[in-house]
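To start, the structure under review is shown below, and the notes come after it.
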Amino acid sequence: MQNKFSHILKERLDNRLEWREYYEYILTHKELAKRAKKEFYKDKPLMKLTLNLYFLPLNLFRYLLHIKAWHYYQMVDTEIEVLKKEMNNKE
């Protein structure tokens with residue numbers, strides 16, 4: 001029984017490590033896109049303001065998706081810590 005539980009913990013930990021890598025990938029690419037956009041509009045403030053107002057609902061939706069990804073990243077990171085502690089306690 002103990003061996004089966006350890007195996008389940010190991011599988012779940014591997015799964016969560018993959019998910020953390022996935023969310024790191026998402027957050028990294030969102031940050032790179034944000035920097036590129038900032039650099040592009042550096043010398044076009046009027047165009048930036050106009051487009052930001054026009055796309056306000058879409059920008060708000062993208063912001064909420066970013067918050068959601070960050071939240072899931074933090075949840076997965078916390079779960080990894082808990083799983084590692086649990087595995088250490090069982091050994």
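- By the 4.0 Å N-to-carboxylate-O rule, R35 lies close enough to E31 to be salt-bridged with it.
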Review point. Are H66 and L27 close enough, and set up right, to give a side chain to side chain contact (heavy atoms under 4.5 Å, CB included), and what steps lead you there?
Key: CA-CA 8 Å; H66 177 75; L27 293 171; 3.7 Å; yes
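- In this structure, Y72 places its OH atom where only 12 or fewer heavy-atom neighbours from other residues, nucleotides or ligands lie under 6.0 Å away.
- Taking the side chain as every heavy atom from C-beta outward, K37 and K48 never approach each other to under 4.5 Å.
- Expressed to the nearest 0.5 Å, how far CZ of R20 lies from CG of N15 amounts to 12.5 Å.
- Of the listed residues (M87, K4, K84), just one forms a side chain to side chain contact (heavy atoms under 4.5 Å, CB included) with L9, and that residue is M87.
- The side-chain heavy atoms of Y25 and T28, taken from C-beta on, include no pair separated by under 4.5 Å.
- The line from CG of L64 to CG of N59 is 11.0 Å long, rounded to the nearest 0.5 Å.
- A salt bridge links K42 with E39: at least one charged nitrogen is closer than 4.0 Å to a carboxylate oxygen.
- Connection of Y22 to L17 is established within a shared hydrophobic cluster, with ILVMFWY side chains joined at heavy-atom distances below 4.5 Å, either directly or through further cluster members.
- Here the straight-line distance linking atom CG of L58 with atom CG of L51 works out to 11.5 Å at 0.5 Å rounding.
- To the nearest 0.5 Å, the span separating CD on Q74 from OG1 on T78 amounts to 7.0 Å.
- Both I80 and M75 sit in one connected hydrophobic cluster of ILVMFWY residues. Membership requires side-chain heavy atoms under 4.5 Å apart, directly or through other members.
- Taking OG of S6 as the start and CD of E11 as the end, the distance is 11.5 Å to the nearest 0.5 Å.
- The shortest side-chain heavy-atom distance between W70 and K30 does not fall under the 4.5 Å cut-off.
- Both tests pass for K44 against the ring of F40: distance under 6.0 Å to the centre and angle within 45° of the axis.
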Point to revise | K68 and Y63: CA distance, side-chain angles, deciding distance, side chain to side chain contact (heavy atoms under 4.5 Å, CB included) verdict | key: CA-CA 9 Å; K68 178 184 170 189; Y63 176 74; over 6 Å; no
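- Atoms CE and OH, from M47 and Y54 in turn, are 13.5 Å apart once rounded to the nearest 0.5 Å.
- Using a 4.5 Å heavy-atom threshold, the side chains of I26 and Y23 count as touching.
- For the pair D77 and R16, the minimum side-chain heavy-atom distance is 4.5 Å or more.
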